[in-house]
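Proteins get letters first, then strands, A, B, ... in listed order; numbering begins at 1 in each. Note that these values count all heavy atoms, side chains included, but never hydrogens, waters or copies made by symmetry.
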Amino acid sequence: MEQKWQESWQDNKVYSFNPESGREVYSIDTPPPFTSGTLHMGHIYNHTWIDIAARYKRMRGFEVYFPQGFDCHGLPTELKVEKELDVKKEDRELFISKCAGWTEKAIKRMKKQFNDIGYSADWSLTYRTMDEDYKKLIQETLLEFYRKGILYRAKHPVLWCPRCGTALAKAEVGHIEKEGRLYHIDLECSGHKLTIATTRPEMMPACVGVLVHPGDERYQKFIGKKAMLPVYEREVPVLGDEAVDVDFGTGVVYICTFGDEQDIAWQKKYNLPVIEAIDSRGCMTAVAGKYAGLSIEEARRKISEDLVEDGHIRKIEKLRHSVLSHTERSNCKTPIELLPMQQWFINVKDYLKDVVDASSEVSWYPPFMLQRMVDWTEAMDWDWIISRQRVFGTPIPFWVCECGQIMSAEDLGLELPVDPRGDVRECSECKNTKACGVGDVCDCWIDSSVTPLVIAKWQRDDELFKRAYPASLRPQGYEIIRTWAFYTIYRCMILTGETCFKDLLVNGMVAGPDGRKMSKSLGNIIEPEEPLKKYCADTIRQWAAGGTLGDDYPFSWEECDHSQRFLIKLWNISRFIEMHLKDYRKGDAVELRDVDYWILARLQNLIGDCTRNLDSYVYNIPLTDIRSFIWHDLADNYLEMVKHRLYKEEIYGKDSRYAAQYTLNRVLETILLLLSPFTPHISEEIWSSLFGGTCSLSNWPEVDEDLRREDALGNGDLLVELVSEIRRYKSDNKLSLGAELELLEVQADNKVASKLKGLEEDLKATGRIKDLRIKVSDKVDGFELEIR
RNA sequence: GGGCUCGUGGUCUAGUCGGCUAUGACGUUGCCCUUACAAGGCAAAGGUCCCCGGUUCAAGUCCGGGCGGGCCCACCA
């Protein structure tokens, strides 16, 4: 029946945002998944949390603003279109339309998957980063950054992926540990051998200096001299610098433009020339002489062979080291080169303190995740390279003339969005028709890092913006704190002067059933189709709710089994209750018994605990508590202890039966409400047949303090304990639980005896006892039983 | 190397402000069809709470040190 409810929710627009309701808006800045064509378990996990939050807040009386967008641009789509549809990038317009078409289909599939788990987003609010409106807004923000002087174009060594043929941001690269070689190469220096150690001999043509530590006695004498490079017969200065590690390799390092970030720092510090030895395809340039045109790996092999042959190599040792590689949002893993290139940048370095301040204003769940943001921000030493040499992306709205003049779409009086690629304009400076539209597109994070503005309709709908910005909640995984969270906080702060969200809910990653990170090589990947085929959505949702804030969480078939069994149990409980509520009429005067007060008191505690936890985005504990209450307190104990009152009105009286009905009705009503955010389908199904109306739009239950009676808790617990003793006796004596007992004699102290006064009837009936005797005795502590 | 985080029966897990016999699930074993449910119920076995030290009347919990995972960052050219 889940599909029935999903369709009903969608068709009747049950969860549509209503700006007229007058309720306080609770807006959710949901993560737009990349449109790969399918959701993975991580999405199921994360978005179930989001949906629980949305459903809970709705029941708490908020007007929940719950859009779901899609992040469309990206290299994987380009690669798929090239391969599957055999369309070439060079045919730009066709290529882009094919990418868009492919993405449309992907979104359709992914949207269905969202609906399959009972996702309560308002699909009329969906945004897609490839839409014209969306690109328009992105370009507006870029122009604003340009006007503020934060967006600039410059030639600078950039992180370059030779395989993907594009510049990358720091956040897109990481280190991969690899087995490499450390080459010890002799250089000639005033009649002596000076031996450098390097992992990259192919960088030799770009060598512009040799460095030693100024305190290193072995090499002090060389400082200020010139060293002769083998093969190239070129002299470079020998310099002394504190940053050289005397213990690594030979303690002599050669600096090349550019081998790593340290080279950039040294080149700047000593004002050394820049030699570009590697081109954008990852091949050696003309300066490499006889190695020109070779790939990096070929050149490395070749030059090391030549150096060995000529006797310049003293030693080659194996070395495990980390290689900067293209690791994020791509399975490319190609080593990164640092190439000086004209690129577009956004100045972040001058705003890092503001980002830290803004991040600190956000309430982080769990709080320690703030530290990750602070660490990342404080370690940031590069501006953000936003240009990508790709095709399917948001174009950068500028024209650059050969003379160096830059003109924005605004300068040209053009309406956004624009696609300047291939467009040539007259330069406003030199008046030549040589201003070419920028051929690059934006980094995907440029698209996605203004989602709080997009959803709140920034500069489009001031009324909505006032109510929906800052977003109430930003849910996301910890792996994109340094990207999505960082960039969003930064850009929205620049654009609005405000921190863009109030609460930041951080989830961990979904691990495989073996507890290890899901990966192809471990063969432990679970696709959502698999569990969704076997279990229903309310089951998967319970699994997802079991995760803890910020922690990685394994997928578990056992947990699904248990969750599924719980649903069946709940179904049977409600069937039982429904059966006994057929003739129940609400509103008559009710005289509750001790056991009734007991279950109702426990229910009040449950409501309080659940509310407290859900308010701080903790889901695993309340779900466990609710399930335990239903299974054990309600089903195992309460139901068994009131059956006699329900079935035998002629013995126990009409009032007693009515009190039990009243209690059952109230308990069932409340637990369905508590469960609704977690298991909306079954809650709705039972609710609709028993109570009418829409469970998930009802008010969240409030604690009734009058029912929170300590004495009722104590009395009920005593009854549970006694019943448990009787069950143990029957179990030990291989009797069925329905077997009648001749005698139960309770020796009780005064305290227990007085508690038992209101429980005798229930004890006798539940235990099937013919003769119940209670004797007050000061010899016992609590109670002692004699059973026959 | 730095930061964060975790370590609880065979496996996973709860444990707030230190407080009685350490929670629950899965699995295992025995028994039982209880006028909702055998996809159930009742019960049993199973623990040096990673180790060492400290604070305290009292430590799984707080502090210090160590060991071992995980994640992030930085790197060694």
Could you check which nucleotide pairs with [N] in any of the strands shown, counting Watson-Crick or G-U wobble with both distances under 3.5 Å?
N: B:C37; result: none
N: B:G68; result: B:C6
N: B:A25; result: B:U11
N: B:C62; result: B:G54
N: B:G1; result: B:C73
N: B:G30; result: B:C42

**Prompt:** Would A:Trp266 and A:Tyr270 count as a close aromatic pair, with their ring centres under 6.0 Å?
**Reply:** no

**Asked** Between A:Ala739 and A:Met369, which is nearer to the 5' end of RNA chain B once each is assigned its nearest nucleotide?
**Response** A:Met369

**Request:** Hey, which sits more toward the 5' end of RNA chain B by its nearest nucleotide, A:Val252 or A:Arg768?
**Result:** A:Arg768

Ignoring backbone atoms, establish whether [X] has a side-chain N or O less than 4.0 Å from OP1 or OP2 of [N].
X: A:His321; N: B:C75; value: no
X: A:Arg565; N: B:C26; value: yes
X: A:Arg200; N: B:A77; value: no
X: A:Thr624; N: B:U13; value: no

Please report the distance, rounded to the nearest Å, between [atom1] in [X] and [atom2] in [N].
X: A:Ile787; N: B:A43; atom1: CD1; atom2: C1'; answer: 14 Å
X: A:Asn613; N: B:A14; atom1: CG; atom2: C1'; answer: 11 Å
X: A:Tyr535; N: B:A39; atom1: OH; atom2: P; answer: 15 Å
X: A:Asn605; N: B:U16; atom1: CG; atom2: C1'; answer: 15 Å
X: A:His632; N: B:A43; atom1: NE2; atom2: P; answer: 11 Å
X: A:His184; N: B:A77; atom1: NE2; atom2: P; answer: 12 Å
X: A:Tyr254; N: B:C76; atom1: OH; atom2: P; answer: 16 Å
X: A:Asp552; N: B:C6; atom1: CG; atom2: P; answer: 12 Å

**Message:** Whether A:Lys643 engages the ring of A:Phe576 as a cation-pi pair (distance to the six-membered ring centre under 6.0 angstrom, angle to the ring normal within 45°) should be assessed.
**Reply:** yes

**Asked** If you measure from the Lys or Arg side-chain nitrogens to the Asp or Glu carboxylate oxygens, is any gap between A:Asp383 and A:Lys349 under 4.0 Å?
**Response** no

**Message:** Taking the basic N atoms (NZ, or NE/NH1/NH2) and the acidic carboxylate oxygens, is any pair closer than 4.0 Å for A:Arg482 and A:Asp375?
**Reply:** no

**Message:** Whether the side chain of A:Lys734 and the base of B:C31 hold a donor-acceptor pair under 3.5 Å is what I'd like checked.
**Reply:** no

**Request:** Report the distance from atom OG1 of A:Thr539 to atom NZ of A:Lys534, rounding to the nearest 0.5 Å.
**Result:** 10.5 Å

**Message:** Please report the interatomic distance NZ(A:Lys269) to CD1(A:Ile255), rounded to the nearest 0.5 Å.
**Reply:** 10.5 Å

Roughly how many Å apart are [M] and [N], using the [atom1] atom of each and rounding to a whole number?
N: B:G53; M: B:A58; atom1: P; value: 16 Å
N: B:G19; M: B:G30; atom1: C1'; value: 36 Å
N: B:G66; M: B:G24; atom1: C1'; value: 32 Å
N: B:C51; M: B:G69; atom1: C1'; value: 15 Å
N: B:A38; M: B:A14; atom1: P; value: 32 Å
N: B:U56; M: B:G18; atom1: P; value: 16 Å

